[in-house]
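Reading through the structure tokens given below for one structure.
Side chains are part of it too, since the values below use all heavy atoms of this structure and drop only hydrogens, waters and symmetry mates. Given the structure is predicted, the values throughout are model-derived calculations rather than measurements.
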Amino acid sequence: MKNFTLAPFLLCFALLAGCDDPDKGSPEITGEWVAFQVDGQRLGENDMFVNTFTERGKSAYHSRQAISATETKWIEEAAQNYSLSNGILTEEGYNYAGQHYKFISRVSISGEVMATEMLSHTLDGVSYPTFGTTLRKMVTSHLDLVGIWEGYETTPGANRDDFCWSFNANGTYDFYYVDGDTYVKKNDNQGVYFNYNDLLVFNFTNELLQGATGVQCDCWTVVKSGNRMNWDNGTRTFSMIRRENIPSTPQP
């Protein structure tokens, strides 16, 4: 697993075939794409990022960003413009930090996987080394999460602490922890979630287990089967089961 400092950069794509009208995008790459590998190395969950493309020549970048020395947040950036010519895409605009960027890339697509080769990129007029080949998978599904889930951390050596998550259809969620023998709602959670294929992302405030304060972001790979699911971010794991309602006390 390899970490990359991607926060300032908006990675972009190029169309395999050329386009006569530079004001339009490409149906071949329209949609959302999750980056999972760079230069042959799998990205950790917290380093994965998502690109969106529209047929009208708009693109956007979504990723986990450090917004202060102690805070992180999943940011879905505003759409920018791109142009295509002879299979080369040029994307130029401003990222979430107000920095001007320009990227030139080449792309190849095989099924639901896109391989992009960055040819050049600049940030505020300064050239930076290019990444190698980045692999992205098209987003074709979303997890059925709405409802209540009870679970606990399964990381080797971790304490058996029980929790409940209540996922709402509007993209928010409530978090419950055990106080004594009773589940209590965490009132300062301010939870929001995002889902792309099996990638599940949380924004929330004041992490309960590890004590991080302020806005925090966690990203997980989810394996779901029926009413059970497991989360893994390469460091910690959780296991949970769907419930009809918040139990009055933790269930075995």
Side-chain angles (χ1 to χ4, degrees), residues 2-19 21-41 43-69 71-109 113-139 194 196 199 201 203 215 217 219:
K2 189 173 182 179
N3 292 327
F4 294 85
T5 305
L6 298 170
F9 306 130
L10 175 58
L11 299 187
C12 56
F13 307 99
L15 179 63
L16 186 60
C19 179
D21 185 349
D23 294 327
K24 292 185 178 181
S26 165
E28 294 184 57
I29 58 175
T30 295
E32 296 176 311
W33 300 81
V34 178
F36 64 90
Q37 180 176 299
V38 174
D39 282 345
Q41 304 240 2
L43 293 173
E45 280 73 11
N46 284 341
D47 294 313
M48 293 181 180
F49 55 93
V50 176
N51 294 91
T52 64
F53 262 108
T54 75
E55 291 189 33
R56 300 303 304 172
K58 299 289 185 180
S59 64
Y61 175 63
H62 316 311
S63 67
R64 182 179 185 265
Q65 305 280 358
I67 61 173
S68 76
E71 297 176 294
T72 57
K73 185 178 182 180
W74 186 261
I75 296 178
E76 294 192 315
E77 297 189 10
Q80 303 289 338
N81 297 320
Y82 70 91
S83 62
L84 297 169
S85 178
N86 298 321
I88 301 298
L89 177 143
T90 301
E91 190 169 8
E92 189 169 2
Y94 291 86
N95 64 17
Y96 80 102
Q99 298 166 304
H100 181 266
Y101 65 84
K102 184 175 182 179
F103 296 87
I104 300 175
S105 300
R106 180 184 294 115
V107 67
S108 61
I109 301 173
V113 175
M114 177 188 295
T116 60
E117 177 189 2
M118 184 179 288
L119 304 178
S120 69
H121 84 262
T122 61
L123 191 66
D124 282 341
V126 178
S127 295
Y128 286 84
T130 59
F131 302 114
T133 299
T134 299
L135 298 185
R136 299 167 173 83
K137 184 173 177 58
M138 178 183 289
V139 176
F194 308 85
Y196 318 89
L199 178 65
V201 179
N203 281 341
V215 179
C217 174
C219 306

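- Side-chain contact between Gln37 and Leu43 is absent, with no heavy atoms from C-beta onward closer than 4.5 Å.
- Legend: residues meeting side-chain contact (heavy atoms from CB on, under 4.5 Å) with Glu32, ordered by chain and number and at least two apart, are Val50, Thr52, Val139, His142, Tyr196.
- The CH2 atom of Trp33 sits 13.0 Å away from atom CZ of Phe49, with the distance rounded to the nearest 0.5 Å.
- A heavy-atom distance below 4.5 Å is not found between the side chains of Ser105 and Leu119.
- A donor and an acceptor atom, one from each side chain of Arg136 and Thr116, are located under 3.5 Å apart.
- At least one side-chain heavy atom of Phe194 sits less than 4.5 Å from a side-chain heavy atom of Glu76.
- The closest side-chain heavy-atom distance from Tyr128 to Thr122 is not below 4.5 Å.
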Could you check Tyr94 against Tyr101 for ring-ring contact (aromatic ring centres under 6.0 Å, His included), going step by step and ending with a plain yes or no?
CA-CA 6 Å; Tyr94 291 86; Tyr101 65 84; 7.6 Å; no
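- By the side chain to side chain donor-acceptor pair (under 3.5 Å) test, Ser127 is found to be paired with no residue, residues two or more places apart in sequence or in another chain being considered.
- Listed here is the closest heavy atom pair of Phe53 and Ile29: CB-O, 3.1 Å.
- The side-chain contact (heavy atoms from CB on, under 4.5 Å) test applied to Ala79 returns Lys58, not counting sequence neighbours.
- Between Gln65 and Lys73, every side-chain heavy-atom pair lies at or beyond the 4.5 Å cut-off.
- The distance from the CZ atom of Arg56 to the CG atom of Asn81 is 11.0 Å, given to the nearest 0.5 Å.
- Every side chain to side chain donor-acceptor pair (under 3.5 Å) that Lys137 has, sequence neighbours left out, goes to Glu112.
- Minimum heavy-atom separation, Ala60 to Ala78: CB-O, 4.1 Å.
- Atom CD of Glu117 sits about 12.5 Å away from atom CD1 of Ile104, to the nearest 0.5 Å.
- Smallest separation of non-hydrogen atoms from Thr134 and Ala35: CG2-CB, 4.1 Å.
- The side chain to side chain donor-acceptor pair (under 3.5 Å) test applied to Asp124 returns no partner, not counting sequence neighbours.
- Within the 4.5 Å cutoff, the side chain of Cys219 has heavy atoms near those of the Arg64 side chain.
- Applying the side-chain contact (heavy atoms from CB on, under 4.5 Å) criterion to Glu71, with sequence neighbours excluded, gives Ile67, Ser68, Val215, Gln216.
- Taking OG of Ser63 as the start and CG of Asn46 as the end, the distance is 11.0 Å to the nearest 0.5 Å.
- Between the side chain of Asn95 and the backbone N or O of His100, no donor-acceptor pair lies under 3.5 Å.
- Here the closest non-hydrogen pair linking Cys217 and Thr72 is N-OG1, 3.0 Å.
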